[in-house]
Amino acid sequence: MSKQTLSFQAEVAQLLHLVTHSLYSNPDIFVRELVSNASDACDKLRFEALDHGELYEDQPELKVKIGFDKAARTLSITDNGIGMSEQEAIDHLGTIAKSGTREFMGRLSGDQKSDAQLIGQFGVGFYSGFIVADRITVESRRAGLAAAQGVRWVSAGTGDFEVEAIERAERGTTVTLHLREDASDYLSTWKLKGIVSKYSDHISLPILMRKEEWKEGEEGKGGEMVLTDEWEPVNQGSALWTRAKKDITPEQYTEFYKQISHDHEAPLTWSHNRVEGSTEYTQLLYIPAKAPMDLWNREKAPGVKLYVRRVFIMDEATALLPTYLRFVKGVVDSADLPLNVSRELLQESRDVKAIREGNTRRVLGLLEDMARKAEPAAQDAEPAQAAASEEERGQYASFYAEFGSVLKEGLGEDFTHRDRLAKLLRYASTQSDTPSVGLADYKARMKEGQEAIYYITADTLAAAKSSPQLEVFRKKGIEVLLMTDRVDEWALSFLHEFEGTPLQSVAKGQVDLGKLQDEEEKKAAEQAAETFKPVLERLKASLKDKAQDVRVTTRLVDSPACLVVQDHGMSTQLARLLKQAGQSAPEVKPILEVNADHALVKKLEASPHFDDLAHILFDQALLAEGGLPEDPAAYVRRVNTLLV
Ligand code: ADP
């Protein structure tokens with residue numbers, strides 16, 4: 001059969017035009033696309049050979065070779081995969097068969113700019129070769145066909161292509177690119193190796209290139225690198241995640257983590273799964289042991305790399321995990337996404353949403369496992385549970401110390417998983433100096449008649465512990481959670497209750513100890529408020545610029561006064577933090593609560609220094625919670641007047 005010239009299908013011609021005119025800004029991708037095609041061809045052969053072993057002929061080792069010829073200005077990519085018959089070459093390289101592609105072509109507007117964006121999102125595959133080549137020759141023979149049934153396909157990437165039958169002994173395909181003048185860069189081992197290691201390192205087949213050797217120039221002058229006849233692999237070929245779990249040792253998992261994370265410490269734990277169903281992907285996710293320096297930067301993307309069928313697509317794919325899990329490192333390898341998927345497309349893709357949800361659940365599951373191991377083993381525990389090692393028991397605390405604050409952001413960010421997140425929270429409390437109290441533990445030891453989970457926020461643990469607001473809770477033996485993380489108050493504004501029990505700040509609103517307070521106490525308080533009314537009125541008048549209200553307290557035992565805010569108001573502590581951080585915060589006018597049983601407060605009524613005492617009470621209450629009087633000099637002056 002002689003040579004025949006055929007026209008490209010109209011859509012191919014259109015695509016070719018776009019490829020050459022829009023993708024020149026990132027020409028390197030043609031290597032990735034062609035290597036990926038070569039690797040797919042090998043996968044197809046392997047699959048067909050399951051039933052037809054003879055297809056391997058005498059070459060069972062599948063591989064890809066990349067070679068170049070400087071003089072001829074050609075670059076070629078050869079595989080010994082399935083190959084193409086003449087008809088297949090005509091069909092596959094001359095028409096667009098995939099329905100997705102046709103749909104994509106339909107969306108093109110003809111406007112060069114917007115089309116260039118669209119095309120960036122789309123796998124252009126084989127045709128990407130025309131970004132750098134003004135002519136492409138494909139020679140191929142399908143596995144199982146005779147040597148005489150080879151095919152040569154040639155095109156300049158314009159309207160048509162030529163095909164002819166050739167004799168080809170080797171099975172598989174060679175794609176030869178005749179490079180344009182401006183694409184000479186690619187005639188370099190160094191350049192090609194760099195591209196392969198960036199995009200195709202994890203292709204599990206060996207990708208081979210000719211070894212280079214230094215050759216001295218004549219009479220010791222000059223010298224250059226020359227290609228030898230020896231082929232060596234240039235990819236790592238270590239797509240660890242594609243291997244079965246049982247074949248991977250913990251050391252290998254750890255080594256791989258270090259490679260992808262650039263962390264020199266071993267991870268705390270990991271999870272490796274092949275997810276099947278409507279969206280197919282493999283996930284390998286690690287929880288690091290130590291927080292990186294930039295963990296606090298919410299702009300920082302999660303360290304999850306995206307691969308599509310073992311081909312690297314992008315680093316730090318934000319769409320694959322929510323922001324509050326940005327400490328997770330790992331790899332997701334999708335079987336469904338197109339190779340040229342862009343960041344924009346990632347945000348919209350339904351497959352990506354399913355992957356994100358799967359990843360989130362997996363990470364929460366990992367954390368729950370760690371948390372479970374930290375719990376003291378129950379009496380009737382299964383032997384397996386009782387066997388958590390010392391190290392395993394400490395893991396969750398160690399995770400929490402590093403990443404707990406970031407995890408808390410999830411309360412405000414991820415409403416779907418709020419209940420699971422709430423169970424993962426740990427705090428210090430009036431019964432524990434270390435952040436080891438979970439909301440469930442707290443609930444389990446609540447007092448008979450206690451109706452809320454009580455907490456206080458402060459700058460430091462010491463300030464929280466000595467806060468006057470805790471006095472009545474101490475007296476009654478009620479546990480209070482001590483929260484000292486900057487994010488706590490914000491995060492808790494999204495968590496109003498835990499398994500039906502409300503969370504209540506001890507520094508907000510009225511203390512309502514409900515059934516914990518007996519009738520007598522209630523009566524005494526009401527009476528005190530009544531008899532104290534005239535003093536309260538005078539205090540209000542003195543402090544009208546500072547306090548929103550002044551009232552008799554039920555929270556204090558030993559201290560004369562404290563400040564509280566309204567039920568849903570911002571605490572004075574948070575307002576202070578915001579101001580320190582240079583952010584605008586609403587002016588919080590707190591409520592001053594005074595202890596009518598305190599000697600100092602009792603003295604007020606008859607004191608000739610009523611006004612000074614009123615301001616001192618207020619400023620001391622502010623000091624007690626870690627704040628500073630608005631006018632420190634005035635405070636000192638007032639105290640000194642009284643001292644004298
Ligand atoms: P895609 O790979 O996304 O299907 P391409 O345009 O890259 O699209 O390739 C079109 C088709 O050409 C492939 O589906 C495949 O059938 C065939 N093909 C391309 N490269 C090779 C190769 N190296 N070996 C065998 N077939 C190939």
Side-chain angles (χ1 to χ4, degrees), residues 6 8-9 11-20 23 29-49 55 57 59 62-67 75-105 119-133 136-145 149-155 157 161 163 166 168 170-177 199-200 203 205 207-208 308-311 313 334-341 345:
L6 298 166
F8 281 121
Q9 186 191 27
E11 282 103 330
V12 178
Q14 194 187 351
L15 182 63
L16 275 168
H17 179 80
L18 271 163
V19 167
T20 44
L23 283 180
I29 59 153
F30 83 88
V31 179
R32 174 185 78 185
E33 301 286 327
L34 296 181
V35 168
S36 166
N37 278 353
S39 159
D40 285 351
C42 291
D43 285 345
K44 279 182 206 157
L45 175 68
R46 196 182 287 130
F47 184 76
E48 285 194 22
L55 289 179
E57 299 169 12
Q59 275 195 45
L62 300 171
K63 56 194 164 217
V64 179
K65 286 179 171 180
I66 304 180
L75 172 63
S76 59
I77 295 173
T78 300
D79 66 72
N80 58 356
I82 192 74
M84 285 177 270
S85 66
E86 185 166 343
Q87 193 55 47
E88 284 170 328
I90 294 172
D91 292 344
H92 295 155
L93 305 180
T95 59
I96 296 177
K98 280 190 299 187
S99 63
T101 315
R102 255 181 283 148
E103 187 189 308
F104 160 78
M105 297 303 291
I119 207 165
Q121 303 176 3
F122 180 81
V124 288
F126 171 77
Y127 302 110
S128 63
F130 286 106
I131 307 171
V132 293
I136 299 181
T137 307
V138 179
E139 294 187 344
S140 190
R141 175 172 67 78
R142 200 182 200 287
L145 293 185
Q149 290 178 285
V151 58
R152 177 182 296 130
W153 178 104
V154 185
S155 175
F161 59 90
V163 273
I166 56 163
R168 180 174 161 102
E170 323 80 66
R171 163 195 83 217
T173 306
T174 298
V175 176
T176 303
L177 308 176
Y199 291 112
S200 310
I203 298 257
L205 299 169
I207 301 174
L208 307 172
V308 172
R309 294 178 295 275
R310 295 200 303 260
V311 179
I313 306 296
S334 156
D336 306 315
L337 292 171
L339 271 179
N340 255 7
V341 66
L345 186 79

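FYI, the numbering just counts along the sequence from 1. Counting starts at 1 for both ligands and their atoms, in listed order.
R141 and T173 form no side-chain donor-acceptor contact under 3.5 Å, judged by distance and modelled atom types alone. For the residue pair T176 and T137, no side-chain donor N or O sits within less than 3.5 Å of a side-chain acceptor on the partner.
Counting heavy atoms from C-beta on, the side chains of M84 and L145 never come closer than 4.5 Å. Contact annotation: the side chain of F8 never approaches that of T95 to less than 4.5 Å [non-hydrogen atoms, C-beta and beyond]. The shortest distance between side-chain heavy atoms of E139 and I166 falls below 4.5 Å.
Selection from K44, H92, E33 by nearest heavy atom to atom 12 (O) of ligand 1 gives H92. Which of A38, S140, A41 comes nearest to atom 25 (C) of ligand 1 through a heavy atom is settled by distance: it is A41.
Proximity to L93 (heavy-atom distance under 4.0 Å) selects the following atoms of ligand 1: 12 (O). Of all atoms in ligand 1, numbered sequentially from 1 with element shown, those under 4.0 Å from a heavy atom of F126 are 5 (P), 6 (O), 7 (O).
Using cut-offs of 30° and 60° on the angle between ring planes, the pair W153 and F161 is parallel.
Contact annotation for M84 and ligand 1: only side-chain heavy atoms (C-beta onward) come within less than 4.0 Å of the ligand. Of the heavy atoms in L34, none comes closer than 4.0 Å to ligand 1. Contact annotation: for D79 versus ligand 1, heavy atoms closer than 4.0 Å belong to the side chain alone.
Here's the thing with T173: one of its N/O atoms is less than 3.5 angstrom from an N/O atom of ligand 1.
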